[in-house]
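So that the names make sense, note that chain A is the first sequence line, chain B the second, and so on, each numbered from 1.
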There are 2 protein chains.
Amino acid sequence: MARTGRPREFDRDKALDAALTLFWTQGYEPTSLNQLKACMGNISPASFYAAFGSKEALFREVVQRYVETYGQVMAPLWDETLEPRDAIEQTLRRSARMQTTRSHPTGCLIVLGASNCSPENEPVQTLLAAQRERSRKGFQDCVARAVADGELTDTPVTKTLPTLFVTFLHGMACEARDGNRAKKLDEAITTLMQVWNSLTVSP
Amino acid sequence: MARTGRPREFDRDKALDAALTLFWTQGYEPTSLNQLKACMGNISPASFYAAFGSKEALFREVVQRYVETYGQVMAPLWDETLEPRDAIEQTLRRSARMQTTRSHPTGCLIVLGASNCSPENEPVQTLLAAQRERSRKGFQDCVARAVADGELTDTPVTKTLPTLFVTFLHGMACEARDGNRAKKLDEAITTLMQVWNSLTVSP
DNA sequence: CCACTTCCGGACCGCTTAGTATAGAAACTT
DNA sequence: AAGTTTCTATACTAAGCGGTCCGGAAGTGG
């Protein structure tokens with residue numbers, strides 16, 4: 001549409017990726033506009049605000065992008081063509097691998113991105129909390145599907161599975177940040193999945 | 001020793017507790033000196049620096065106090081008079097209850113206290129990382145003890161238990177912060193401990 | 001070429017940050 | 001009374017914060 005006028009000199013997508021990396025590494029609040037502008041190629045405040053609106057608006061874009069790229073390791077959780085058990089196992093294994101990969105920051109932006117916040121940035125915390133809630137719901141739906149399919153029986157123990165898995169998932173962010181490698185987490189996932197096996201209706 | 005001179009008018013211990021609550025709620029970096037001074041009873045900068053030295057020094061004291069009080073829920077992990085399985089179970093259950101109790105901030109200061117940090121505060125991150133490493137070691141030692149006692153056999157699966165438990169433990173900080181209640185986490189712990197049961201040497 | 005649109009560099013805003021310096025008064029011990 | 005320490009209160013530093021504004025440059029469509 002509006003194609004006239006001087007074109008932007010920096011690559012908006014590349015700038016967004018750079019901001020993503022910075023936010024992922026440091027979190028929302030400690031990341032300053034100066035750092036952001038610097039990592040985007042020393043753009044000016046005017047350029048920054050024209051392109052992204054505000055620090056918070058940029059962060060929202062960053063989260064969106066994260067969910068659409070790195071966050072896709074969670075996609076199996078909402079893939080109803082997969083067996084529920086496979087969906088959960090793949091989600092955990094792919095998350096473990098992604099969060100420990102050293103070509104980008106370790107851990108999970110959704111878990112770690114705004115865990116330290118002053119009251120005035122509560123909206124940012126809420127944004128990430130909503131994403132985590134979405135994951136929680138994903139595990140619940142997956143287990144519910146397994147019950148509906150007759151793979152699991154609807155017992156009190158079965159009801160604890162979503163919390164068990166999501167707590168482990170979120171815990172991996174801390175472990176990855178502390179330097180644990182994919183192999184360690186992956187092996188723990190194998191053991192964790194034994195819980196599911198022990199609850200399946202015997203053939 | 002130095003007992004002469006005008007005594008301090010505020011209660012240093014109470015001030016430390018107030019700072020602990022504030023740091024626990026917001027994390028290290030977003031907590032400003034103004035907030036700290038305010039919650040300590042509107043003490044002056046002079047009094048603050050005379051009593052605590054600096055923001056970072058105060059935080060180190062706060063962490064120490066946290067470990068000695070709330071953090072004592074982890075004590076079973078290093079209590080060699082307990083059966084290893086009981087030590088781990090009690091550690092998890094007591095942590096779940098403590099982290100979800102509403103009479104103080106939710107979650108865990110050691111996990112959440114400095115997860116968002118600018119590079120210049122890396123020492124603070126390192127301080128908490130060391131505490132988490134201590135917990136990791138605790139789980140390792142506990143499992144090793146169970147193997148030594150002949151309760152568990154030394155298999156590859158057994159080796160994954162420490163990571164499994166510590167990841168779950170650290171994940172509870174996120175779940176507690178997001179509003180999960182003790183009951184939910186406690187039930188998940190019951191299910192998680194089934195993993196241990198399934199690995200015990202059959203009687 | 002011109003009118004128009006958009007972007008850029010840089011100055012600038014008011015505010016907060018952690019931390020220091022100053023003063024004199026007050027409260028304690030010896 | 002002498003000496004020591006902390007008190008209150010205020011002023012201050014130097015730097016950084018997120019964000020705004022403007023003049024001019026650079027590009028585009030007619």
Side-chain angles (χ1 to χ4, degrees), chain A residues 1-16 18-19 22-23 26-62 113-114 116-125 127, chain B residues 1-16 18-19 22-23 26-62 113-114 116-125 127:
Chain A
M1 193 59 56
R3 289 237 157 273
T4 82
R6 176 178 176 177
R8 170 180 296 129
E9 286 187 5
F10 64 96
D11 184 327
R12 197 181 186 281
D13 266 12
K14 281 204 174 71
L16 195 58
L22 201 51
F23 276 130
Q26 300 187 354
Y28 178 72
E29 236 174 64
T31 301
S32 74
L33 281 191
N34 275 340
Q35 288 179 304
L36 287 167
K37 284 163 6 192
C39 85
M40 289 170 169
N42 287 311
I43 66 174
S44 71
S47 303
F48 177 89
Y49 282 95
F52 299 107
S54 73
K55 184 185 173 183
E56 181 177 332
L58 169 64
F59 187 71
R60 289 178 184 271
E61 268 196 69
V62 158
N116 296 159
C117 263
S118 343
E120 73 234 36
N121 286 317
E122 188 242 306
V124 174
Q125 282 183 298
L127 172 73
Chain B
M1 192 62 54
R3 287 241 159 272
T4 81
R6 176 176 176 176
R8 159 179 307 128
E9 286 191 0
F10 65 95
D11 184 328
R12 198 181 184 282
D13 267 11
K14 280 203 174 72
L16 195 59
L22 201 52
F23 276 130
Q26 299 187 354
Y28 177 71
E29 237 174 62
T31 301
S32 73
L33 280 192
N34 276 339
Q35 288 179 303
L36 288 167
K37 282 162 9 192
C39 84
M40 289 169 168
N42 287 311
I43 67 173
S44 72
S47 301
F48 176 88
Y49 282 97
F52 299 106
S54 72
K55 184 184 171 184
E56 181 178 332
L58 169 63
F59 186 72
R60 288 178 184 274
E61 269 198 67
V62 158
N116 296 160
C117 262
S118 344
E120 73 233 35
N121 287 316
E122 189 241 306
V124 175
Q125 283 184 297
L127 173 74

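- The separation between R8(B) atom CZ and dA26(C) atom C1' is 16 Å, rounded to whole Å.
- Per the geometry, CD belonging to Q35(A) stands 9 Å off P belonging to dG18(D), to the nearest Å.
- Toward the 5′ end of DNA chain C lies the nearest nucleotide of S32(B), the other residue of the pair S32(B) and E9(B) mapping further downstream.
- A search for ring pair (Phe, Tyr, Trp, His ring centres under 6.0 Å) contacts involving Y49(A) returns nothing, not counting sequence neighbours.
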Below 3.5 Å is the cut-off: list the nitrogen or oxygen pairs between protein and nucleotides 10-15 of chain C, distance only.
none

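- Scanning for side chain to side chain contact (heavy atoms under 4.5 Å, CB included) contacts around D13(B) gives D11(B), R65(B), with sequence neighbours left out.
- Remark: C1' of dG16(D) and NZ of K55(B) are 13 Å apart, rounded to the nearest angstrom.
- Rounded to an integer number of Å, the gap from F52(B) CZ to dA18(C) C1' is 16 Å.
- Under the 3.5 Å distance criterion, the side-chain polar atoms of K55(B) are matched with a main-chain donor or acceptor of Y28(B).
- Of the candidates dG19(D), dC7(D), dC28(C), the closest approach to any side-chain atom of F10(B) belongs to dC7(D).
- Counting only heavy atoms from C-beta outward, the side chains of F10(B) and M40(B) never approach each other to under 4.5 Å.
- Taking atom CG of L36(B) as the reference point, atom P of dG19(C) lies 10 Å away to the nearest angstrom.
- Applying the 4.0 Å criterion to OP1 and OP2 of dA18(C), one finds that S54(B) has every side-chain N and O outside that range.
- Residue N34(A) places at least one side-chain N or O under 4.0 Å from the OP1 or OP2 atom of dC17(D).
- With a 4.5 Å cut-off on side-chain heavy atoms, P123(A) and R60(A) count as touching.
- For S47(A), a side-chain nitrogen or oxygen approaches OP1 or OP2 of dC8(C) to under 4.0 Å.
- The side-chain contact (heavy atoms from CB on, under 4.5 Å) with V62(A) is formed by just one residue from the set T31(A), L22(A), L16(A); it is L16(A).
- Atom NZ in K37(B) sits about 13 Å away from atom P in dT16(C), given to the nearest Å.
- Counting any heavy atom pair closer than 4.0 Å across all strands shown, T31(A) reaches sugar-phosphate atoms only and no base atom.
- Atom CD1 of I43(B) is separated from atom P of dC7(D) by 8 Å (rounded to the nearest Å).
- Across every non-hydrogen atom of G113(B) and N116(A), the tightest pair is O-OD1, 3.6 Å.
- Atom CG of N42(B) is separated from atom P of dA9(D) by 10 Å (rounded to the nearest Å).
- Closest to the R6(A) side chain, of the nucleotides dG19(C), dT17(C), dC8(C), is dC8(C).
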